Amino acid sequence: MVCKVRLCKASEVAPGQMLRIDATDAPPLAVFNVDGSFYATSNVCTHNIALLTDGYFEGETVECPIHGGCFNVKTGEATSFPCEKPLRTYAVVRDGDELFADV
Ligand code: FES
């Protein structure tokens, strides 16, 4: 089942920043701002249990804080070892200053 989840305000995530989203009706999510465009992914590393928003974000890449594996936040592709399984991504819909995702 797909449901529309409110993520955050667009103004809460400046370009180059990421934000942890703890919605009551959704799995742990992360929102990333890449040059003014917003992307949402699962916030849980696919290698093991770690929150990606505790790691590092630069360009289109988020780096896990535990073993340093990386993902492309636009596509979810695992881009460096030890991550191999892609990260789940969610399309972000903007309504004014509010961001939503179908989860
Ligand atoms: S838990 Fe993320 S790279 Fe290992």
Side-chain angles (χ1 to χ4, degrees):
M1 187 177 106
V2 174
C3 64
K4 189 174 183 178
V5 172
R6 179 190 176 277
L7 299 170
C8 60
K9 290 184 179 296
S11 55
E12 293 180 272
V13 194
Q17 293 189 341
M18 60 182 166
L19 184 67
R20 172 181 174 168
I21 307 296
D22 291 314
T24 55
D25 49 355
L29 299 172
V31 173
F32 302 88
N33 184 330
V34 179
D35 297 330
S37 296
F38 295 93
Y39 299 89
T41 71
S42 165
N43 196 17
V44 181
C45 182
T46 61
H47 177 241
N48 208 326
I49 298 173
L51 291 180
L52 295 171
T53 50
D54 290 337
Y56 311 94
F57 174 49
E58 186 172 342
E60 301 177 2
T61 299
V62 64
E63 180 181 329
C64 178
I66 304 298
H67 305 112
C70 293
F71 300 92
N72 181 300
V73 302
K74 289 183 171 181
T75 64
E77 178 188 3
T79 56
S80 76
F81 186 81
C83 299
E84 296 178 334
K85 186 178 170 190
L87 197 61
R88 186 153 186 191
T89 60
Y90 303 92
V92 174
V93 176
R94 184 170 182 168
D95 183 1
D97 193 38
E98 301 287 329
L99 300 180
F100 299 88
D102 286 329
V103 175

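Numbering starts at 1 and runs along the sequence shown. When a ligand or atom number is given, it counts from 1 through the structure's own listing order. A quick note: this is a predicted structure, and the numbers were derived from the prediction, not measured.
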Contact flag Cys64/atom 2 (Fe) of ligand 1, N/O/S atoms, threshold under 2.8 Å
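Yes, within the cut-off.
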Ligand 1 contact on Ile66 by region, counting heavy-atom pairs under 4.0 Å:
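Under 4.0 Å from ligand 1, Ile66 contributes side-chain atoms alone.
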Looking only at heavy atoms, what is the nearest atom pair of Leu19 and Glu12, with distance?
CD2-CB, 4.2 Å
Mark yes or no for whether [X], through its side chain, and [Y], through its backbone, hold a donor-acceptor pair below 3.5 Å.
| X | Y | value |
| --- | --- | --- |
| Thr41 | Leu87 | no |
| Asn72 | Thr79 | no |
| Asp95 | Phe100 | no |

Cys83 neighbourhood, listing ligand 1 atoms whose heavy-atom distance to it stays under 4.0 Å
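Heavy-atom distances to Cys83 below 4.0 Å select 3 (S).
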What atoms of ligand 1 come within less than 4.0 Å of a heavy atom belonging to Cys45?
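In order of numbering, the contacting atoms are 1 (S), 2 (Fe), 3 (S).
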Taking atom 4 (Fe) of ligand 1 as the reference point, name the nearest N/O/S atom of His47.
ND1
Closest approach to atom 4 (Fe) of ligand 1 by His67, given as the N, O or S atom name
ND1
Are a donor atom and an acceptor atom from the side chains of Asn33 and Gln17 found within less than 3.5 Å of each other?
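Not at all, the side chains of Asn33 and Gln17 share no donor-acceptor pair under 3.5 Å.
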